[in-house]
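One structure below.
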Protein chains: 2
Amino acid sequence: MTAQRRVVAEVLDGEHVHLTADEVHARAAAKLPEISRATVYNTLGELVSLGEVLEVATDRRAKRYDPNAHRPHHHLVCAGCGSIRDVHPAGNPLADLPDSERFGFTVSDVEVTYRGLCPNCAAKA
Amino acid sequence: MTAQRRVVAEVLDGEHVHLTADEVHARAAAKLPEISRATVYNTLGELVSLGEVLEVATDRRAKRYDPNAHRPHHHLVCAGCGSIRDVHPAGNPLADLPDSERFGFTVSDVEVTYRGLCPNCAAKA
DNA sequence: ACTTGACTTGGATTGAGTCCAACGTAGGAT
DNA sequence: ATCCTACGTTGGACTCAATCCAAGTCAAGT
């Protein structure tokens, strides 16, 4: 556990929003000016493989990092600004996929992504 | 309707798989050698806004284009090779998102993405 | 034939992320 | 205390997918 890793972990822990890698880097650099982008990516990658943080790739903009990895949830994404909210829909979509629709795949996970406009972007449109 | 656009449309129509823009370009170039990447992107973009084709961005690899835009469906993605199958799960996830979980968003769409390994990649792992 | 406007081209550019060789530093062995 | 080694970090180069843009081409209308 180095200073750099601690700072990255703190940034994610403090924020309850979904930051991009660049935003994490900017906030980390505020506390530890000479931290490099590569280190932020390395550390985020480790946090993801440790299961502490989720990677959310909703389109081909920057990935976002979700510190709320322990409570299962899905995402509501604004098509305008890319911001993300956690949501907890009813139902279990994994159970809704019959064997006949699995084509021999080993299905391990399901992501539900709701798309729409946040109040802010809806007002602008 | 130019020759270039026809070729791109034909490629998508003929294939019932989910091609990347590069694959579309390669197949189009087989029929019309000097077609440029930019034109393929332009044409795919138009087909998407016409609603003839769906864009599927599952991660930060290349987007894939889904010619099956008229029958609603979801996707099963192989984490190994990125290939995609269409699936038709039961249930209606839009109805599963209560108003209290919408945070003022105008929710217009939902995507369900199942992740796993295709038989091929599972055998290799 | 000339003009207009749409389409295409391909090379440059962008954005996000990854790679890699060189550097620093902390801990353990001598 | 000194050296060695391994790991972490750095920052610049690179990749890949996609987009932008200025210049070229073509067809249709007048």
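Letters A, B, ... mirror the listed sequences (proteins, then strands); counts begin at 1. Fair warning: this is a prediction, and the values are worked out from it, not measured in the lab. Reckoned from all heavy atoms, side chains included, excluding hydrogens, waters and symmetry mates.
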For this session: Evaluate the criterion side chain to side chain donor-acceptor pair (under 3.5 Å) for residue pair B/Asn68 and B/His18; output intermediate values, then yes/no.
Result: CA-CA 9 Å; B/Asn68 183 16; B/His18 302 70; over 6 Å; no

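Residue pairs meeting the side-chain hydrogen bond (donor to acceptor under 3.5 Å, both in side chains) criterion with at least one member in residues 34-50 of chain A, sequence neighbours excluded: A/Arg5-A/Glu46, A/Asp22-A/Arg37, A/Ser36-A/Thr39. Residue pairs meeting the salt bridge (Lys or Arg N to Asp or Glu O under 4.0 Å) criterion with at least one member in residues 51-60 of chain B, sequence neighbours excluded: B/Glu55-B/Lys63, B/Asp59-B/Arg61.
The footprint of chain B on DNA chain C, defined by a heavy-atom cutoff below 4.0 Å, extends from C/dC7 to C/dG17. Reading DNA chain D from its 5' end, the first and the last nucleotide to sit under 4.0 Å from a heavy atom of chain B are D/dA17 to D/dC20.
Using the six-membered ring where Trp is involved, A/His73 and A/His88 have ring planes that are tilted, between 30° and 60° apart.
Within the 4.0 angstrom heavy-atom criterion, no nucleotide atom of any strand lies near B/Arg37.
When all heavy atoms of B/Cys118 and B/Cys78 are compared, the closest pair comes out as N-SG, 3.3 Å.
To the nearest 0.5 Å, the span separating OG1 on A/Thr113 from NE2 on B/His74 amounts to 10.5 Å. Distance check: A/Leu117 CG to B/Ser108 OG gives 6.5 Å after rounding to the nearest 0.5 Å. Once rounded to the nearest 0.5 Å, the distance linking CG of B/Leu76 with CZ of A/Phe103 reads 7.5 Å. Distance CD/B/Glu111 to CD/A/Glu111: 9.5 Å, rounded to 0.5 Å.
Residue B/Ile35 is found in a hydrophobic cluster whose other members, listed by chain and number, are B/Val7, B/Val8, B/Val11, B/Leu12, B/Val17, B/Leu19, B/Val24, B/Leu32, B/Val40, B/Leu44, B/Leu47, B/Val48, B/Val53, B/Tyr65; membership requires side-chain heavy atoms under 4.5 Å apart, directly or through intermediates.
For DNA chain C, the neighbouring residues in residues 38-67 of chain A, judged by any heavy atom under 4.0 Å, are A/Ala38, A/Tyr41, A/Ala62, A/Lys63.
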